[in-house]
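Inspection log for the structure reproduced underneath, given as structure tokens.
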Amino acid sequence: SYDKIVQFSLIACILLFILIISNFYLKDNPIYVTSVNRIFEYLSYEGINWSGTSGRDKLYLKSIELIKESPIFGYGFFGMWNKFNGGYPHNILLEILLQGGIIYLSISLLLGFCILRKLYIMIKSDSKFQLLLILAIFPLVQLTFSGTYSRNVHFWCIVSYIISYHNND
């Protein structure tokens, strides 16, 4: 346990060092500067700067209004797409609520809990599966701010692998 904490701390320090050195060399690269600015554009000293969310604030507000109109059942998988004229809310929770309301959200949370429980069991049986946890965090964070879970390959790859994994012991 102590060794893992030391290893994690060492890796974190190395990554921080690499980040600082990379920043030093890339600070004049316009693509890098634009990307970093875009990442933190929605944060300000006053809190969240909704004008820096690339129009997501309008999508979130529209989503919330639509959810209020049909909170229990939502609009169905394809009905949500129609409400957004082929677009989507860029947030996994809003998308689930729009597609199936509280019922679909409840089912999704239950399935998510079962998948996380299975991942926990996998990690307990073999620590190499910790990598799956790290790989699972990426699409979940991404789907909180961008994209749609229905077309996110990383999300479905991780979910499919965890569900289909069978321990032969």
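Side chain to side chain, Q99 and Y88 fail the donor-acceptor criterion of an N or O pair below 3.5 Å.
The environment of OH in Y165 is crowded: more than 12 heavy-atom neighbours from other residues, nucleotides or ligands sit within 6.0 Å.
Side-chain contact between E69 and L66: present, with at least one pair of heavy atoms (C-beta onward) separated by less than 4.5 Å. Between F138 and L143, the closest side-chain pair of non-hydrogen atoms is not below 4.5 Å. Side-chain contact between E95 and L98 is absent, with no heavy atoms from C-beta onward closer than 4.5 Å. Residues L97 and Y104 fail the side-chain proximity criterion, which asks for heavy atoms closer than 4.5 Å. The closest side-chain heavy-atom distance from Y161 to F129 is below 4.5 Å. Between Q130 and K4 there is a side-chain heavy-atom pair separated by less than 4.5 Å. Proximity of F145 to N91: side-chain heavy atoms (C-beta onward) are nowhere separated by under 4.5 Å.
L133 and L131 fall within the same hydrophobic cluster, where Ile, Leu, Val, Met, Phe, Trp and Tyr residues are linked whenever their side-chain heavy atoms come under 4.5 Å apart, directly or through other members. Clustering ILVMFWY residues whenever any of their side-chain heavy atoms sit less than 4.5 angstrom apart, transitively, puts I115 in the very cluster that holds L109.
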With side chain to side chain contact (heavy atoms under 4.5 Å, CB included) as the test, would you mind laying out the steps for L132 and M122 before giving the verdict? CA-CA 10 Å; L132 279 178; M122 290 167 64; 3.6 Å; yes
Apply the test side chain to side chain contact (heavy atoms under 4.5 Å, CB included) to residues S150 and W81: give CA-CA distance (whole Å), side-chain angles for both, the deciding distance (0.1 Å), then the verdict. CA-CA 11 Å; S150 63; W81 298 98; 3.5 Å; yes
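In this structure, Y149 and W156 have tilted ring planes: the angle between them lies in the 30° to 60° band.
Within the structure, side chain to side chain donor-acceptor pair (under 3.5 Å) contacts touching residues 134-144 (residues at least two apart or in different chains) are Q142-N152.
Considering only residues two or more places apart in sequence or on other chains, D28 meets the salt bridge (Lys or Arg N to Asp or Glu O under 4.0 Å) condition with none of them.
Without hydrogens or angle criteria, K118 side chain to I163 main chain gives a donor-acceptor distance under 3.5 Å.
Counting all heavy atoms, side chain and backbone alike, M80 lies closest to G87 at CE-O, 4.3 Å.
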